[in-house]
Number of protein chains: 2
Amino acid sequence: MKTGPDIAVVAALLGDPARANMVTALIGGVALTAGELAREAGVTAQTASSHLAKLAAGGLVEVRRQGRHSYYSLSGDDVARVLEGLMGLAARTGHRRTRTGPAEPALREARVCYDHLAGDLGVALLDGLVARGAVTRSEDAIRLTAAGAAFLAGFGIDMPSLSRSRRPVCRACLDWSVRRSHLAGALGAALLSQLFHLGWARRVPDSRLVAFSASGRAQFLATFGPQAASSPADPSQETPSHVPAQRPRSRHPALPRHDV
Amino acid sequence: MKTGPDIAVVAALLGDPARANMVTALIGGVALTAGELAREAGVTAQTASSHLAKLAAGGLVEVRRQGRHSYYSLSGDDVARVLEGLMGLAARTGHRRTRTGPAEPALREARVCYDHLAGDLGVALLDGLVARGAVTRSEDAIRLTAAGAAFLAGFGIDMPSLSRSRRPVCRACLDWSVRRSHLAGALGAALLSQLFHLGWARRVPDSRLVAFSASGRAQFLATFGPQAASSPADPSQETPSHVPAQRPRSRHPALPRHDV
DNA sequence: TTCATGGTTCGACCATAGTCGAAGCATCGC
DNA sequence: GCGATGCTTCGACTATGGTCGAACCATGAA
């Protein structure tokens, strides 16, 4: 009767808000330093260290010491999958991390899902690629078409390097705010970084916000948005407030993080 | 900044041993009374009531009052899927509720996962459907083929009612004991109930065990198991397994606590 | 009615564990 | 070498929440 794996210990590890914030920040597989995770969780370095030790002892994260930095990452994508499942449950039962704040509408429109675009515009991006025949979508599997590869190469994506990478080119990621899939994987990451490179959007520091400029949004919608619709942007949405502060991006030279 | 679904609250709900025991007992799919759950969790009726109130407030379980009994059940199969995922993590990291009991090997072979078949035979079922071209599997998305619909209709599944239902027909559910996917969703549920209807297997009361009769297992394997002719190798992510019972040990040599 | 049973609420106790200050180590840059 | 930075350990404080005894409520049976 009492056999089987013990859910309670691993669930208890995820049940603390600080630890939950940390592992949530780690979804996507990029390693973060202990200090970054402490800031992400809103606790001091000592507390974060304690939490990270517990997560590591519980086998949920792995640590790699490099110089005076400790890089933490999830121990596998099975962890990420469980986290997504928990997010789904939390969304269904209506549990939000904070109550709706001023940044919330902007976050729902465009935010970074670790290294790819999420939110309304992220879902629109995938929809637009499907409508243009660049990718095919069946349930949660996404495949790039030959025409899509050409289209994206024309957009400035380095397609050969994508196919060389060990990472899957296209992945579906369930958007928690829209409750539909957006594009993840190597292509999703490359597209987002190209948006930054073109200056259509930029990251708001210390936030998951992706701020589109007015012309950037227009060009984005013209390129990826609904085709026939000649109606311009939704009038109820306004451009996210721009926070021009810039953070030093040379914080950890060993594993450059994906910001900019 | 800290917006998004709050996985901490739902994970904390599952992080208490008493509550974890309760929801684990509910994976069987049948509703249990508060008293039964109290005994299952090893706590008094008062504490069980408190825990169940929290689980209900968190949206993980639902309560149905009948006379002077309160019947609790999981609020959906998404809860069961998350629980299975957590079990997988716990198994991988070596957290077990108690030492391996006598019922454990049987549970690893065939058990009920909410309303569909799990364990070695559940994974074999999905593998067999893939090998026969009845479904296609890519990453975690499973799709029914036209040939598969005909095949399953011949097996006695009421396919029209499946497609009428609002529930997804095919879903992948990560099996915690085998560490590979088995078939969930409306089709998974229909297949299990057809197995019961045909008398190939029956449920063992007060347990998640699914007991196959000797002839039932033979017919099951003949219908869904590895085909006699060498089935073409499926180059998908998950390695096809013809003898699933002896897979997990050799697959994870670094985790020695899998003591049958 | 009266009693018995199952379930919930109230109140109090107490342990677990989350938190931070301060100190201790290691590494990096100069 | 030196100081600065990043991370961890130690110790103490505190509070959240899990637990049960007892009372309370509702249902069903005699």
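Please read these numbers as outputs of a predicted model, since none were measured by experiment. Below, chain A is the first sequence line, B the second, and so on; all start at residue 1. Atom set for the values below is all heavy atoms of this structure, side chains included, hydrogens, waters and symmetry mates excluded.
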Quick one: is [N] close enough that its OP1 or OP2 comes under 4.0 Å of any side-chain N or O from [X]?
X	N	result
B:S70	C:dT8	yes
A:Y71	D:dC7	no
A:R65	D:dT8	yes

To the nearest Å, give me how far apart [atom1] ([X]) and [atom2] ([N]) are.
X	N	atom1	atom2	value
B:H69	C:dG7	NE2	C1'	10 Å
A:L52	C:dT19	CG	C1'	15 Å
B:Y72	C:dG6	OH	C1'	11 Å
B:E36	C:dG7	CD	C1'	13 Å
B:R64	C:dG7	CZ	P	14 Å

List the residues meeting salt bridge (Lys or Arg N to Asp or Glu O under 4.0 Å) with B:D115, not counting sequence neighbours, and say none if there are none.
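Salt bridge (Lys or Arg N to Asp or Glu O under 4.0 Å) list for B:D115, sorted by chain: B:R167.
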Please list, pair by pair, any protein nitrogen or oxygen found under 3.5 Å from a nitrogen or oxygen in nucleotides 23-25 of chain D.
none

Is B:R19 reaching over with its side chain to a backbone N or O of B:K54, donor-acceptor style, under 3.5 angstrom?
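No, the answer is negative, given that no donor and acceptor are paired below the 3.5 Å cut-off.
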Contacts of [X] that satisfy side-chain hydrogen bond (donor to acceptor under 3.5 Å, both in side chains) - sequence neighbours left out:
X	result
A:S70	A:R65
B:S213	none
B:S75	A:R92

Sequence neighbours excluded, which residues qualify as ring-ring contact (aromatic ring centres under 6.0 Å, His included) partners of A:F220?
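By the ring-ring contact (aromatic ring centres under 6.0 Å, His included) rule, A:F220 matches A:F212, A:F224.
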Those residues that, when tested against B:H51, pass ring-ring contact (aromatic ring centres under 6.0 Å, His included) (two or more places apart):
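Counting only residues at least two positions away or on another chain, B:H51 forms no ring-ring contact (aromatic ring centres under 6.0 Å, His included).
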From CG (A:L83) to CG (A:L74), nearest 0.5 Å
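One finds 6.5 Å between CG of A:L83 and CG of A:L74.
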Between protein and nucleotides 15-19 of chain D, what N or O pairs are separated by less than 3.5 Å?
{"unit_1": "D:dG18", "atom_1": "OP1", "unit_2": "B:R19", "atom_2": "NH2", "d": "3.3"}
{"unit_1": "D:dG18", "atom_1": "OP2", "unit_2": "B:R19", "atom_2": "NH1", "d": "3.3"}
{"unit_1": "D:dG18", "atom_1": "OP2", "unit_2": "B:K54", "atom_2": "NZ", "d": "2.7"}
{"unit_1": "D:dT19", "atom_1": "OP2", "unit_2": "B:H51", "atom_2": "NE2", "d": "2.5"}

Using the side-chain contact (heavy atoms from CB on, under 4.5 Å) criterion, which residues pair with A:V82? Sequence neighbours excluded.
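Scan of A:V82 (side-chain contact (heavy atoms from CB on, under 4.5 Å), adjacent residues dropped) gives A:L86, B:L86, B:L89.
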What residues form a side-chain contact (heavy atoms from CB on, under 4.5 Å) with B:S193, not counting sequence neighbours?
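Scan of B:S193 (side-chain contact (heavy atoms from CB on, under 4.5 Å), adjacent residues dropped) gives none.
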Tabulate below the donor-acceptor pairs under 3.5 Å that side-chain atoms of residues 42-49 of chain A make, not counting sequence neighbours, or state none.
{"unit_1": "A:T44", "atom_1": "OG1", "unit_2": "A:Q46", "atom_2": "OE1", "d": "3.1"}
{"unit_1": "A:T44", "atom_1": "OG1", "unit_2": "A:T47", "atom_2": "OG1", "d": "3.1"}

Categorize B:A45 for me: base, sugar-phosphate, or nothing, with a 4.0 angstrom heavy-atom threshold over every strand shown.
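Since a base atom lies under 4.0 Å of B:A45, the category is base.
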Mind grabbing the angle between the end helix axes of the helix from C:dT1-D:dA30 to C:dC30-D:dG1? Five pairs an end, 10° rounding.
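Computed from the C1' atoms at both ends, the axes differ by 30°.
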